[in-house]
Amino acid sequence: MKPIEVTFFQQPTLELARHLLGKYIVHEHPRGVLIGKIVETEAYMGPDDRAAHSFGNRRTKRTEVMFGEPGLIYTYQMHTHTLINVVSAPTDIPNAILIRAVEPVEGLDLMKEFRNDLPMKQWTSGPGKLTKAMGISMEHYGSHWTDKPLYMAEGEHVASVSTGPRIGIQNSGEAVHYPYRFWETDNPFISKTR
DNA sequence: GAGAGGATCAACT
DNA sequence: GTTGATCCTCTCG
């Protein structure tokens, strides 16, 4: 499995969010290779998006990586979970795309173990779940999606894409209704709806 | 150095 | 529908 071309990340954020669907996330974990196909994403449009951490060009130690080049990995902690993003847009424009769900492709035994023997549909059907199933944590903050051991690879063609409002954001004014969520239509591994 | 809060999940009633 | 878990970062002093 080879990392994807770095030029893939050099497209407008909303297009990138849509084109991420079907790509593979590959993690060459010490205990085995883990692969998941991306089936759900959410775009966060930086300066103009009340729901984004980088709203109003807010620049802190946490959001710093979003001001870097597209294709960097932005991880952060949410309660007991780690969430993972793809940095988008040219340097100094802090956009990011949250990976909300993947479909298990390889390394199923290890994912099952990481997810405490839960039913397969619950392994990766949410942003906090998939990071646990694939062994992703804060140590991946700031590395690039084209670098091992955690990288993105060409995947499968996605026949049908659905669009809708994002999940889990509140008090974000109009931003709550923006149709910045993309998922593969009818895929069983997408996360919950509102 | 203390306190608050969040792009979540799972286990309740 | 509600709530506890319990982690990192940000803000204020």
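As the structure is a prediction and not an experimental result, all values here were calculated from the model. Chain letters run A, B, ... following the sequence lines, proteins first and then strands; every chain starts at 1.
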Length of the CD-P vector between A:Glu40 and B:dT8, whole Å:
11 Å

Here the distance between atom P of C:dC10 and atom CZ of A:Arg59, to the nearest Å, is 13 Å

Under 4.0 Å from OP1 or OP2 of C:dT11: is there any side-chain N or O of A:Arg58 that close?
yes

Under 4.0 Å, heavy atoms only, any strand: does A:Arg115 hit a base, just the sugar-phosphate, or nothing?
sugar-phosphate

Is the closest basic N to carboxylate O distance between A:Lys37 and A:Glu184 below 4.0 Å?
yes

For A:Ile25 against A:Trp145, the heavy-atom pair lying closest together
CG2-CZ3, 4.0 Å

CD of A:Gln122 versus P of B:dT8: gap in Å, rounded?
17 Å

What is the distance from atom CE of A:Met134 to atom CG of A:Leu150, rounded to the nearest 0.5 Å?
7.0 Å

Nearest non-hydrogen partners of A:Phe182 and A:Arg18, listed with the distance:
CE2-NH2, 3.5 Å

Looking only at side-chain N and O atoms, does A:Ser137 offer a donor or acceptor that is under 3.5 Å from a partner on A:Glu139?
yes

For DNA chain C, which consecutive runs of 3 or more Watson-Crick or G-U pairs (each distance under 3.5 Å) count as stems?
B:1-6 with C:7-12, B:8-12 with C:1-5

Mind checking if A:Arg50 touches a base, just sugar-phosphate, or nothing, with heavy atoms under 4.0 Å?
nothing

Measure from the side chain of A:Thr60, starting at C-beta and using heavy atoms only, and say which of C:dT11, B:dA10, B:dA7 lies closest.
C:dT11

Figure out the CE/C1' separation between A:Met45 and B:dA7, and round it to whole Å.
16 Å

So, does A:His140 use its side chain to make a donor-acceptor pair with the main chain of A:Ile136 at under 3.5 Å?
no

Atom CD of A:Glu42 and atom CH2 of A:Trp183: how far apart are they, to the nearest 0.5 Å?
10.0 Å

Rounded distance in Å - CZ (A:Arg62) to P (C:dC7):
17 Å

Residues from residues 66-95 of chain A lying under 4.0 Å of DNA chain C - heavy atoms:
A:Gln77, A:His79, A:Thr80

Short side-chain N/O contact from A:Lys61 to OP1 or OP2 of C:dC8, under 4.0 Å:
no

What I want to check is whether the side chains of A:Thr82 and A:Thr131 have a donor and an acceptor closer together than 3.5 Å.
no

Nucleotide C:dC10, atom P - distance to CD of A:Glu64 in whole Å
10 Å

Please report the distance, rounded to the nearest Å, between CH2 in A:Trp123 and P in B:dA10.
14 Å

Ring centre gap for A:His53 and A:Tyr76 strictly below 6.0 Å:
yes

What is the distance, to the nearest angstrom, from the OH atom on A:Tyr178 to the C1' atom on B:dA7?
16 Å

